[in-house]
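One structure is given below, encoded as structure tokens.
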Amino acid sequence: MRSKRLPGLPVICITTGDQLGRVKRAIIDPQAKRVAGLAVAGSTFGGRRVLPINAVHALGSHAVTVAQAEDLRHPKDEGAAELVARDRVKVVGAPVITARGVLVGTVVDYEIGERGSIDQLYVSQNLWKAIAGGDLSVPGEMLIALGRDAAIVADELLEHVKPARESKPRRTKAEASPPSADESHLEDANKDGRANVSAAAERVRGFVRQTLTR
């Protein structure tokens with residue numbers, strides 16, 4: 001599931017059919033590089049609750065399902081409090097940098113696996129032009145670290161990302177290729193023709209001057 005589809009999804013208990021609240025956001029465990037749980041708002045218990053990812057029955061297209069209402073924990077409960085304390089990372093919006101320090105782009109979304117794994121990062125490229133259209137998809141196994149300031153990925157990613165080809169500069173007339181043999185012959189003929197016309201015109205002008213001076 002794409003992370004951007006999570007906010008607003010209802011949390012439904014499959015035992016009773018009751019809606020227990022709505023997902024507010026994903027809770028990230030940066031050490032494990034995974035989604036550790038979901039923050040749930042407007043629950044039937046009142047206030048916010050934490051749903052550990054291991055308690056999720058399924059991440060569906062229309063709802064997140066759980067087996068029982070007790071799977072939603074108070075943020076201060078043991079286990080839930082630990083998840084909240086680790087939640088200091090925002091994946092979406094994080095710059096993606098290789099281990100060599102090359103900026104690839106910015107995370108705009110990510111794919112969440114069934115057990116909270118981050119299977120793909122979807123990156124909007126900054127330094128590189130988008131290849132084949134759309135955002136760059138970075139496999140989760142290339143993710144080295146998730147921090148407050150950046151997502152670090154393996155250098156091998158650069159093998160799949162190429163700079164945009166530079167467009168060739170327009171050639172000036174001076175840089176244009178030399179004319180072909182036929183073109184040279186035509187140009188010479190034009191020059192000879194212009195010279196003959198000029199000579200004939202000069203002869204006419206001379207004849208007129210002689211006539212006028214008689």
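Just so it is clear, the structure is predicted and the values come from calculations on it, not from any experiment.
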Working to the nearest 0.5 Å, report the span between [atom1] of [X] and [atom2] of [Y].
X	Y	atom1	atom2	answer
Leu6	Arg25	CG	CZ	11.5 Å
Asp18	Ile12	CG	CD1	8.0 Å
Leu157	Leu121	CG	CG	9.5 Å
Glu141	Glu156	CD	CD	11.0 Å
Glu111	Asp119	CD	CG	6.5 Å

Mind listing the closest non-hydrogen atom pair of [X] and [Y] along with its distance?
X	Y	result
Ser3	Val92	OG-CG2, 4.0 Å
Leu83	Ala36	CD2-CB, 3.6 Å
Cys13	Ala67	SG-O, 3.6 Å
Val11	Leu51	CG1-CD2, 4.4 Å
Leu146	Ile118	CD1-CD1, 3.8 Å
Pro75	Arg48	CD-O, 3.4 Å

Within the side chain of [X], is there an N or O that forms a donor-acceptor pair under 3.5 Å with the backbone of [Y]?
X	Y	value
Asp29	Gln31	yes
Asp155	Ala99	yes
Arg22	Ala41	no
Thr106	Ser124	no
Arg88	Pro30	no

Task: Matching residue for Leu59 among Leu38, Leu9, Val23 - test: side-chain contact (heavy atoms from CB on, under 4.5 Å) - done: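 It is Leu38; the other options fail the test.
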Tell me whether [Y] is reachable from [X] by hopping between hydrophobic residues (I, L, V, M, F, W, Y) whose side-chain heavy atoms are closer than 4.5 Å.
X	Y	result
Val153	Val102	yes
Leu103	Val108	no
Val50	Leu72	no
Leu158	Leu136	yes
Ile112	Ile27	no

Open item on the list: Assess the residue pair Leu20 and Val40 against the criterion (side chain to side chain contact (heavy atoms under 4.5 Å, CB included)); give the C-alpha distance rounded to whole Å, side-chain angles, the decisive distance to 0.1 Å, and a yes or no.
Closed with: CA-CA 9 Å; Leu20 307 178; Val40 179; 5.9 Å; no
Open item on the list: With no hydrogens and no angle check, just 3.5 Å: does a side-chain donor-acceptor pair link Gln68 and Thr15?
Closed with: no
Open item on the list: Evaluate Asp109 against Arg2 for salt bridge (charged side-chain N to carboxylate O under 4.0 Å, His left out), listing each step before the verdict.
Closed with: CA-CA 7 Å; Asp109 202 356; Arg2 291 285 192 103; 3.3 Å; yes
- [ ] May I have the step-by-step check of side chain to side chain contact (heavy atoms under 4.5 Å, CB included) for Val35 and Met1, ending in yes or no?
- [x] CA-CA 12 Å; Val35 174; Met1 170 182 281; over 6 Å; no
Task: Residues Tyr110, Ile28; criterion side chain to side chain contact (heavy atoms under 4.5 Å, CB included); working and verdict - done: CA-CA 12 Å; Tyr110 57 95; Ile28 304 297; 3.6 Å; yes
Task: Over 12 foreign heavy atoms within 6.0 Å of NZ, Lys33 - done: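 Yes, the 6.0 Å shell around NZ holds more than 12 heavy atoms from other groups.
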Task: Minimum side-chain heavy-atom gap Thr98-Val104 below 4.5 Å - done: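 Yes, their side chains come closer than 4.5 Å.
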- [ ] Evaluate the criterion side chain to side chain contact (heavy atoms under 4.5 Å, CB included) for residue pair Arg49 and Arg73; output intermediate values, then yes/no.
- [x] CA-CA 5 Å; Arg49 289 292 184 270; Arg73 311 288 297 279; 5.8 Å; no
